[in-house]
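Numbers restart at 1 for each chain; the letters A, B, ... are given by sequence-line order, proteins then strands.
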Amino acid sequence: MPELPEVEIVRQSLNKKIIQKSIKKVIVRNRNLRIKVPQNFEKFLENQIISDVDRFSKYLILFLSTGNKLLIHLGMSGTIHLLKHDKKNFLTNTSFYNSPKLPSKHNHIEIFFDKFKLVYNDPRRFGFFEIIKDQYSLEKRFEKLGPEPFNPKFDINYIRNNLRNKKKNIKNFLLDQNFVSGIGNIYASEILYLSKINPNKEGKFMDKIECKKIFTNTKLVLLNAIKRGGSSIKDFKHISGNKGSFQKKFKVYQREGSRCKRKDCEGIIQKKNISNRSTFFCNICQK
DNA sequence: AAGAGGCCCTGATAGC
DNA sequence: TGCTATCAGGGCCTCT
């Protein structure tokens with residue numbers, strides 16, 4: 001589900017609600033996430049105050065008063081919800097408000113604050129919660145990841161130098177988190193459409209102008225998605241249950257068989273598997 | 001070493 | 001109705 005824009009929307013909404021709040025209680029119902037939730041996970045969180053909520057790429061980072069950090073990844077199907085809880089009973093975990101928007105299954109982790117609780121729901125369990133001890137370990141954790149598209153390091157020369165002599169196609173480059181981090185399967189197709197570049201184009205055949213388009217449109221697509229509250233394809237995104245609207249702006253994603261949206265183009269949007277991920281592109285204007 | 005493919009997991013949907 | 005197959009927004013590991 002969540003690419004950089006969706007995770008950024010979650011960060012913003014969490015930031016408003018949980019900063020300076022104290023964690024009263026943590027309940028883990030299923031430890032078998034992508035990374036096993038350790039037995040002592042709860043003790044790292046209980047009685048901690050959240051000092052900040054940050055994001056890198058598709059990762060959320062909650063800063064705790066001890067200096068520990070809680071790293072959260074939503075995987076494919078993870079969602080975070082904030083719900084009121086019955087204060088009298090929350091320690092016994094019996095009587096809760098149940099938001100109609102919150103699925104009844106797969107609520108793996110619940111973090112209780114004074115007046116509400118954070119619920120992590122994730123049917124496929126590709127997401128994870130991980131305690132990171134300090135800033136150094138955090139940097140270590142991310143050291144192999146490439147820069148975000150907004151990082152000045154991600155410039156035209158960086159792109160050109162990485163693509164040079166490479167057989168790997170540009171779609172796979174955009175999905176490669178060690179090259180640039182934060183782009184996922186939806187926005188990769190959208191970026192290539194805006195750039196008029198065929199997703200199968202090999203890195204070594206990308207000229208300077210095309211690299212410049214990648215540089216510009218990567219930021220453009222992600223920023224527009226953030227502005228619109230992200231894309232809600234299947235699940236809801238926001239902690240409130242509200243949906244983003246960027247999916248209405250998709251030029252190619254899930255539009256196979258439809259006409260290309262460029263005024264002067266007669267093309268039809270194609271769907272093709274590239275490295276087992278569905279890829280959408282115009283058969284005429286993406287060269 | 002680079003790059004392709006398998007795999008982790010559940011649920012929704014399509015087709016028979 | 002109830003099977004089976006396919007696909008889904010991610011990323012790590014293995015194999016060639």
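Residue contacts shown for A:N32 are absent, as no nucleic acid heavy atom lies under 4.0 Å away. Residue contacts for A:K271: at a heavy-atom cut-off of 4.0 Å it reaches the sugar-phosphate backbone alone, with no base atom in range. At a threshold of 4.0 angstrom between heavy atoms, the contacts of A:F246 with the nucleic acid are absent. Contact annotation for A:Y187: no contact, since no heavy-atom pair falls under 4.0 Å across all strands.
Phosphate proximity of C:dG10 to A:N185: absent, as no side-chain N or O sits under 4.0 Å from OP1 or OP2. Note on A:H106: every side-chain N or O is 4.0 Å or more away from OP1 and OP2 of B:dC9. Neither OP1 nor OP2 of C:dC12 sits under 4.0 Å from any side-chain N or O of A:K144.
Within residues 125-138 of chain A, the residues approached by DNA chain B to less than 4.0 Å at the level of any non-hydrogen atom are A:R125, A:F126, in residue-number order.
Other residues, nucleotides and ligands contribute over 12 non-hydrogen atoms within 6.0 Å of the NZ atom of A:K168. Heavy atoms from other residues, nucleotides or ligands lying under 6.0 Å from NZ of A:K204 number more than 12. The neighbour count for A:K166 NZ, taken as heavy atoms of other residues, nucleotides or ligands under 6.0 Å away, is above 12.
The base-pairing partner of B:dC9, taking Watson-Crick or G-U wobble contacts with both distances under 3.5 Å, does not exist among the strands shown.
The base of C:dA8 lies close enough to the side chain of A:R124 for a donor and an acceptor atom to sit less than 3.5 Å apart.
Using a 4.0 Å cut-off between charged nitrogen and carboxylate oxygen, A:E148 and A:R55 count as a salt-bridge pair.
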